[in-house]
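Taking it in order: structure first as structure tokens, then the write-up.
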Amino acid sequence: MMAEPDGPEDRLRRFATIWSRAVFPVTSTSSTRPEFEEQLLPLARRLSEALRARAFDQEEAKAVGAALVGAHCTDPEALSRTLDCVDAYLVLYCGHDGDPEHLRARSARLQHAMAAGFAQALRERTLAEQEAIAQAALKAQGVVAQALHASEARFRAVFEGAAIGIGIADLDGNVLQVNGALTRMFGLTDQKLRSRNAKEWTHPDDAPQTWRLYEELVRGQREHYHVEKAFYRPDGTVLWTNLTVSLLRDADGAPRYQLALMEDTTERRLLNLRLRYEATHDALTGLPNRSFFFERLEKALSAGPGQRFGLCYLDLDGFKTVNDSLGHAAGDRLLVEVADRLQACATAPGEMVARLGGDEFVALTTGPDTAHEVDELAGRIMNALLAPISIDGRELTVRGSIGIVEGPAGERSPAEVLRSADITMYRAKSAGGNRFELADPEADARVITRHGLTTALPAALERGEFFIEYQPLVRLGDGTVRGAEALVRWLHPQHGVLGPDRFIPLAEHTGLIVPLGRWVLEQSVRQAREWRERHGGADAVGPLRINVNLSPCQLNHPGLVQDTVDILERAGVAPDALCLEVTESALIGADDDLLKPLRRLAEMGVDIALDDFGTGYSNLANLRRLPVSVLKLDRSFTQSMQQFPADPVDLKIVEGIVSLAHSLDLAVTVEGVETGAQAEQLRILGCDTAQGWYYARPGPPDRLHELALVDASG
């Protein structure tokens, strides 16, 4: 077994040796293999330094790629073997004392930069040769024309010494003369070439206008033309050329000969094809990548009448767990296996599979009957994922969620189709995964609207699009207004007035609920001060109080207590003017850390109300440890009381809750009171305050002022 090199220089030398052995067989050089290795050693050192440099320098890697062209490594196989060698051995021999994942990523970027430098240098070399060829062509054309009349010797010197292939034929296409460069390009002898006719050199890839231009030239209708043309060699390989054909006239101006100048572009074409492949295919799985898929999808969507498309958007369920538990290398092997299985599912004409990125794949089918075909394709994909995948001795079960979009071509853009498929895929994932769902335009519209509202929320707060409505809280004992609950609304420019159920969950998800809740609290406390100033005095039944809802996100915010204190102090309002409502579900199983801010607020004099009581299935014994002073009974307990007589079971339940609450010195508020019979029954049961449409719907603050004045005058 070979010993590992000792020092960095030894490892660098080993890398250069491996590199030279891989590339030397396909390099056109007069050097020996050891001499060639010495040429590669400084390039290897530059790659090693670029790999371990603090900042990535693509110009250094591009310079190495360009240097390969200077070292006569112009064969496409030389670039391919170089990239394979760098990919396999650069990190191994030159990446000591570094993070392997970071170094492999850096190595991949170096390879791309090397390929770019190689292509650019080869292009510059080709352009220089083309310039020389053009000059030689002009010179050759002039010299040939003169040589036919004057100096055969001068023509022969240019003809034979030219670096490009030159051939002369008569107007019937019979080859009369060829130079050495042309015989080498075709791999034929001078005699074999001169026995051919130009019209025989057809190829399936000939451009449609190639032979039309040829006929126009030999008829004297044009002086020259330039095309890219392929020729078959005797061994069956294809020679690609830049072909320029010119018409030669005699001294009287009559057409006499045709002159062909050929530049061999086979090597450059193969390199371009390789670079094109790398640009349109995923490096890990070999599948078409996102850009290639969009090209195909756009073509499918622009097909003629009667054509349809079907698209399956696949996302693996739980793939992040594989990366987190087994590492990214295992995750990559899993993706490769999944890609192979998906490729086997889409083999029919008009079908393709691509990787969009991460663990997201797409499968496309086209034709006149894709409604049936896309369902079958989705079924094949789900079946292909059933068998476990073995990674590092572990049998991994792979599942996926698929969103399907199917429809006629010409109605939607690629971005719209992919967005609908993405939305549908997440709908399948939220339904439990391991399934496929069909796109639903209404569901898409809801998700798009939800996304639009989410992105518009921050600007809406800055533009002042939110406002507050107030619903009165009425004492059941005497019917007087005790205060009001603040209910935030959003005046959306397109959707009109939106209730909190439309945007509060979005605000909680994005974290905007904290600044929005702070704004609601500030506005509500300021309104409470105004009410107290207008309705205070010796004749007042009691100070009006404002109830403000707190979300679970606000409860966990470290600035809750300080924000509340600051707002009350700036408004000059006593803490007893404020009641913060917290849902029962938010406090189920709450620990002391969560309850600590509420206890501090309660100790200051702020009332804490337990909202929606009875919906969270909490233990009634927990009420003793919660810093609440008010229970807000959910409307589900009192709906039967809208009719007379009320359900006796509901009466007993409410009576028991009221009795328990009062024994704990808790006031009871009832939501959703809609009839006078309901209000009277709740008063008899001992409830303290109520709110609902029977008293007033949520409205502007002046509405509460009017109600309070009516109570005072009554």
Side-chain angles (χ1 to χ4, degrees), residues 294 297-298 301 311 313 315 356 403-431 437-471 484-524 526-527 546-554 557 581 583 611 671-672 693 696-704:
F294 264 90
L297 180 59
E298 188 170 9
L301 295 178
L311 186 146
Y313 193 117
D315 183 271
L356 296 186
I404 299 176
V405 179
E406 192 279 334
E411 294 186 356
R412 286 179 282 184
S413 69
E416 290 172 335
V417 170
L418 205 63
R419 179 176 62 181
S420 178
D422 189 28
I423 292 172
T424 307
M425 179 272 292
Y426 276 106
R427 182 152 49 87
K429 192 175 287 289
S430 64
E437 295 279 350
L438 296 175
D440 178 3
E442 294 184 1
D444 288 358
R446 287 194 297 270
V447 172
I448 293 170
T449 300
R450 177 183 174 90
H451 176 72
L453 293 178
T454 301
T455 56
L457 267 171
L461 184 59
E462 295 176 2
R463 289 195 296 260
E465 294 177 3
F466 293 99
F467 67 96
I468 300 174
E469 291 186 332
Y470 300 89
Q471 186 172 40
E485 180 180 358
L487 301 168
V488 65
R489 305 285 190 257
W490 182 2
L491 182 57
H492 194 279
Q494 283 80 40
H495 301 290
V497 177
L498 303 178
D501 59 312
R502 294 286 302 277
F503 62 86
I504 290 298
L506 305 180
E508 291 179 339
H509 179 70
T510 60
L512 190 69
I513 190 64
V514 173
L516 177 60
R518 188 184 301 117
W519 177 84
V520 171
L521 181 61
E522 188 172 7
Q523 298 297 315
S524 302
R526 190 177 301 165
Q527 186 60 56
I546 189 70
N547 285 32
V548 178
N549 292 281
L550 286 182
S551 77
C553 290
Q554 290 174 278
H557 191 266
E581 297 189 8
T583 61
D611 196 11
E671 298 178 295
W693 287 7
R697 296 193 178 196
D702 289 344
R703 175 60 177 159
L704 189 78

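Positions are given from 1, in the same order as the sequence printed here.
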#### Entry: Nearest non-hydrogen partners of L311 and A421, listed with the distance
CD2-CB, 3.5 Å
### Side-chain touch D440/R427, heavy atoms, less than 4.5 angstrom
yes
#### Entry: Crowding at CD, E298 (>12 non-hydrogen neighbours, <6.0 Å)
no
### Message
Do R518 and H557 have side chains that approach each other closer than 4.5 Å (heavy atoms only, starting at C-beta)?
### Response
yes
### Summary
Y470 and P700 have their tightest heavy-atom pair at CD1-C, 4.4 Å
### Message
Given 3.5 Å as the limit, does a donor-acceptor pair link the side chain of E416 with the main chain of S413, or not?
### Response
yes
### Task
Can you sort out the partners of Y313 under side-chain hydrogen bond (donor to acceptor under 3.5 Å, both in side chains), two or more places apart, ordered by chain and number?
E360
### Task
For F294, enumerate each residue passing the ring-ring contact (aromatic ring centres under 6.0 Å, His included) test, keeping only those at least two apart in sequence or located in another chain.
none
#### Entry: Partner set under side-chain hydrogen bond (donor to acceptor under 3.5 Å, both in side chains) for E437, not counting sequence neighbours
R435
### Reported OG1-to-NZ distance for the pair T424 and K429, which is rounded to 0.5 angstrom
13.5 Å
### Task
Output, in order, the C-alpha distance, side-chain angles, deciding distance and verdict of side-chain contact (heavy atoms from CB on, under 4.5 Å) for L498 and R489.
CA-CA 6 Å; L498 303 178; R489 305 285 190 257; over 6 Å; no
### Message
Just to verify, what does D422 make a salt bridge (charged side-chain N to carboxylate O under 4.0 Å, His left out) with, not counting sequence neighbours?
### Response
none
## Note on the structure
salt bridge (charged side-chain N to carboxylate O under 4.0 Å, His left out) filter on E465, not counting sequence neighbours, yields R463
### Message
Do R412 and V405 have side chains that approach each other closer than 4.5 Å (heavy atoms only, starting at C-beta)?
### Response
yes
### Message
Restricting to non-hydrogen atoms, name the atom on L457 and the atom on A507 that form the minimum distance, rounded to 0.1 Å.
### Response
CD1-N, 3.8 Å
#### Entry: Residues forming a salt bridge (charged side-chain N to carboxylate O under 4.0 Å, His left out) with E508, sequence neighbours excluded
none
### Message
Applying side-chain contact (heavy atoms from CB on, under 4.5 Å) to V497 and F467, what does each step give before you reach the verdict?
### Response
CA-CA 10 Å; V497 177; F467 67 96; 4.0 Å; yes
Output side-chain donor-acceptor pairs under 3.5 Å for residues 546-553, partner residues at least two apart or in another chain, one line each.
residue	atom	partner	partner atom	Å
N547	ND2	E581	OE2	2.9
N549	ND2	E485	OE2	3.0
S551	OG	C553	N	3.4
S551	OG	Q554	N	3.3

### Query
Between L461 and P515, which heavy-atom pair has the shortest distance, and what is it?
CD2-CB, 4.0 Å
### Message
Checking H492 now: which residues fulfil ring-ring contact (aromatic ring centres under 6.0 Å, His included) with it, not counting sequence neighbours?
### Response
W490, H495
### Query
Among all residues two or more places apart in sequence or in another chain, which pass the side-chain contact (heavy atoms from CB on, under 4.5 Å) test with P505?
none
## Note on the structure
Sorted by chain and residue number, the side-chain contact (heavy atoms from CB on, under 4.5 Å) partners of E522 (sequence neighbours excluded) come out as R526, I567, R570
### Task
Take L506 and L512 through the test side-chain contact (heavy atoms from CB on, under 4.5 Å) and record every step on the way to the result.
CA-CA 8 Å; L506 305 180; L512 190 69; over 6 Å; no
### Task
Looking only at non-hydrogen atoms, find the nearest pair between S524 and I468 and report the distance.
OG-CD1, 3.8 Å
### Message
L438: which residues meet the side-chain contact (heavy atoms from CB on, under 4.5 Å) condition with it, sequence neighbours left out?
### Response
D375, I404
## Note on the structure
With sequence neighbours left out, the residues meeting side-chain hydrogen bond (donor to acceptor under 3.5 Å, both in side chains) with Q471 are Q691
